[in-house]
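Shown next, in structure tokens, is the structure this report addresses.
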Amino acid sequence: MRVRIRLFGRLHDLAGASELDRDVPGEATVGEVWALLVADAPAIAPYARAVSAAVNADFARMTTRLADGDEVAFLPPVSGGRA
């Protein structure tokens with residue numbers, strides 16, 4: 001099946017793209033898509049424990065199963081303001 005992947009913030013910079021289309025195995029999970037991305041762009045690996053994910057604009061867990069045509073977004077942690 002094919003999914004669209006969107007990367008935000010620093011992830012976009014490190015992976016060198018904000019949107020990617022990937023063929024993934026049927027019934028792949030968000031975590032499996034993340035693992036494919038890390039294999040292609042190892043620089044994003046340090047974000048594994050802090051990244052948030054969404055499927056079709058709804059927050060999702062790494063165990064969420066995907067369907068053909070889903071859009072998976074990965075968002076790095078956000079910080080801001082002054083201490």
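These figures come from a predicted structure and were not determined experimentally. Keep in mind that the numbers below use all heavy atoms, side chains included, and drop hydrogens, waters and symmetry copies.
Side chains of Trp34 and Phe74 form a contact here, defined as non-hydrogen atoms less than 4.5 Å apart. Pro77 places a side-chain heavy atom less than 4.5 Å from the side chain of Tyr47. Residues Leu66 and Val33 have side chains in contact (heavy-atom distance under 4.5 Å, counting atoms from C-beta outward). Between Met1 and Asp23 there is no side-chain heavy-atom pair separated by less than 4.5 Å. With contacts defined as side-chain heavy-atom distances shorter than 4.5 Å, the pair Thr63/Val30 does not qualify.
For the pair Pro76 and Val51, the tightest heavy-atom approach, listed with the atom from each and the gap, is N-CG2, 4.4 Å. The two residues Pro42 and Ala39 come nearest to each other via the heavy atoms CD-O, 4.2 Å. Of all heavy-atom pairs between Leu14 and Ala43, the closest is CD1-O, 3.6 Å.
Under the 4.5 Å side-chain heavy-atom criterion for Ile, Leu, Val, Met, Phe, Trp and Tyr, Leu11 and Phe8 are members of distinct hydrophobic clusters.
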Might you work through the salt bridge (charged side-chain N to carboxylate O under 4.0 Å, His left out) test for Glu71 and Arg4, ending with a clear yes or no? CA-CA 5 Å; Glu71 179 182 274; Arg4 172 156 289 187; 5.7 Å; no
Hey, mind stepping through Asp21 and Val3 against side-chain contact (heavy atoms from CB on, under 4.5 Å) and telling me if it holds? CA-CA 6 Å; Asp21 290 321; Val3 296; over 6 Å; no
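Distance check, rounded to the nearest 0.5 Å: CG of Asp58 to OG1 of Thr64 gives 10.0 Å. Between the CG atom of Leu75 and the CZ atom of Phe59 there is a distance of 6.0 Å, given to the nearest 0.5 Å. Atom CD of Glu32 and atom CE of Met62 lie 11.5 Å apart (nearest 0.5 Å). Here the straight-line distance linking atom CD1 of Ile44 with atom CG of Leu37 works out to 5.0 Å at 0.5 Å rounding. Atom CG of Leu7 is separated from atom CG of Asp13 by 10.0 Å, given to the nearest 0.5 angstrom. To the nearest 0.5 Å, atom CG of residue Asp40 and atom CG of residue Leu20 are 8.0 Å apart.
With Asp70 contributing its side chain and Ala67 its backbone, the two residues share a donor-acceptor pair below 3.5 Å. Side chain of Asp68 to main chain of Arg2: a donor-acceptor pair is present (N/O by atom type, distance under 3.5 Å, no hydrogens or angles).
Counting non-hydrogen atoms of neighbouring residues, nucleotides and ligands closer than 6.0 angstrom, the CZ atom of Arg65 exceeds 12 such neighbours.
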